[in-house]
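A short write-up of the structure that comes next.
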Amino acid sequence: MSIARIAKPTITTSVLVSAFMFGLTPAQADEHYVFEAGHTSLQEWLMPEVPYPDNNKPNAERVDLGKMLFFDPRLSGDGNMSCATCHSPLFGWSDGLPTAKGFKSKVLGRASPTVTNSAYNSLQMWDGRKKSLEDQALGPMLSSAEMNVDLSMAINFLKGNSTYVQAFEKAYPGQGIKDETLAMAIASFERTVISNNSPFDRWIKGDKTAMNKQQVNGFKLFVDPEKGNCAVCHSAPNFSDSGFHNIGLKSWGQENPDMGRYAIKPINLMKGAFKTPTLRDITLTAPYFHDGSAMTLSDVMDHYETGGSVQTNLSPNMKKLTLTQTEKADLVEFMKALTSPQKPFVLPILPENAF
Amino acid sequence: MASKNIAAILSLVISTSVMAETVEVGQKDKKFTQDSLDIKVGDTVKFTNNDAFFHNVFSLSDAEMFDLGSYPKGESRDVTFTTPGEVEVECAIHPEMKMTINVQE
């Protein structure tokens, strides 16, 4: 327990604080893993049950409804964009683009983050401005730069479609078709987009053959603060600390750069800081970084090796890495072990147009 | 008479200052070691990072606004609270880290 009360005269603050500091013996936070398949020291890396809010417990009706809504382009201003336009199962629930394209194909400033395992995020969006999947779901619809839909018209469309009316009534009996139930259904579907069965997961569970020697070595480097230093931010179990860091990308050095989290939390440390993305299913979601500036995982490693191209307001957890070519290759191979086996995705049949 | 008054004031100042406290709150496993804390005006809170990586401490509350920057394991920063009220304290790097400090008269 590191809380202590010390009665003191304020006039002697500095003396007593110094004495207190010298007496301080914080517990060691360093984790010591045993790098053997299934070892108990590694179990914190297994994904827990998918969390959900008390008022939106997932069930089949809610997920099925959310799936239709997620893929329905009629919920966009021009009738040609759905959530899946930028968060497509074809591209690991992202879009394969450096940065997203929105309304009228306007190129936006940030990459489309994957939906995969977003159920575990404590905050949503690159800058964390949304507190939950429910809170986030309608954001792109309302944004004039993205789906650009008049939400009241979208709600009217749903209310005028008998299939949707029935589906909403089954999913949310008596609650009606409204902003809240629309968002809740989409969030329920998004909570089914989960990666938790990768070779890494199987190795953690005890399958010695799930990762090869190179990948196990890559994992060692990944968690070693003196080598990859990756887990300082990409931490267990979802390879994200749900935190915000300025990683010194070249785009940060441009004129009028994206200020990231600072727009939401005006703390100096947050200038140019963005949320740590999960690395699960990482092989499916290139290009990488919030600005899409790294095309491959090797490019990612090259960036981190430099300790950041732009040092201004750099995250204090960033540092220049000393890695051999073999070690960098091992780290890349390890990240490739974070992708779960992919199954064909069955698209929903959308409710018919009713004219 | 004047000297008596001065002595009384001095006595009051000394007794008040003796009551001021420093309270330590740790940052451990990406959590503050206290969810909430009751202190008095004039008390100091020492925020100590016990994690192996950098933390930040800040508050944007009206009662006390501060930003202690970022610092590594084993280091501390102090804040003396001078205004009564409820102060929400967070780590900007790790937004799940939150606590409330109730500063009482």
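Computed from heavy atoms alone, side chains included, the values below leave out hydrogens, waters and symmetry copies. Residue numbers begin at 1 in each chain, while the letters A, B, ... track the order of the sequences.
Around OH of A:Tyr52, the count of heavy atoms belonging to other residues, nucleotides or ligands within 6.0 Å does not exceed 12. By the neighbour-count criterion of 12 heavy atoms within 6.0 Å, atom NZ of B:Lys31 is sparsely surrounded, having that number or fewer from other residues, nucleotides or ligands. The local environment of CG in B:Asp35 is sparse, with at most 12 non-hydrogen atoms from other residues, nucleotides or ligands closer than 6.0 Å.
Closest approach of A:Arg261 and B:Pro95 over heavy atoms only: NH2-CB, 4.0 Å. Across B:Ser70 and A:Pro316, no two heavy atoms sit closer than the pair OG-CG, 3.5 Å.
Side chain to side chain, B:Lys30 and A:Ser235 meet the donor-acceptor criterion of an N or O pair below 3.5 Å.
Taken to the nearest 0.5 Å, the CG atom of A:Asp241 stands 11.0 Å off from the CE atom of B:Met97. Once rounded to the nearest 0.5 Å, the distance linking CG of A:Asn246 with CD1 of B:Ile93 reads 11.5 Å.
The side-chain heavy atoms of B:Asp67 and A:Leu269, taken from C-beta on, include no pair separated by under 4.5 Å.
Remark: the backbone N or O of B:Phe54 is paired with a side-chain donor or acceptor of A:Asn317 at under 3.5 angstrom.
Interface residue B:Phe53: backbone and side-chain heavy atoms are both found under 4.5 Å from chain A.
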Might you work through the side chain to side chain contact (heavy atoms under 4.5 Å, CB included) test for A:Lys265 and B:Phe58, ending with a clear yes or no? CA-CA 10 Å; A:Lys265 287 285 181 187; B:Phe58 80 93; 3.8 Å; yes
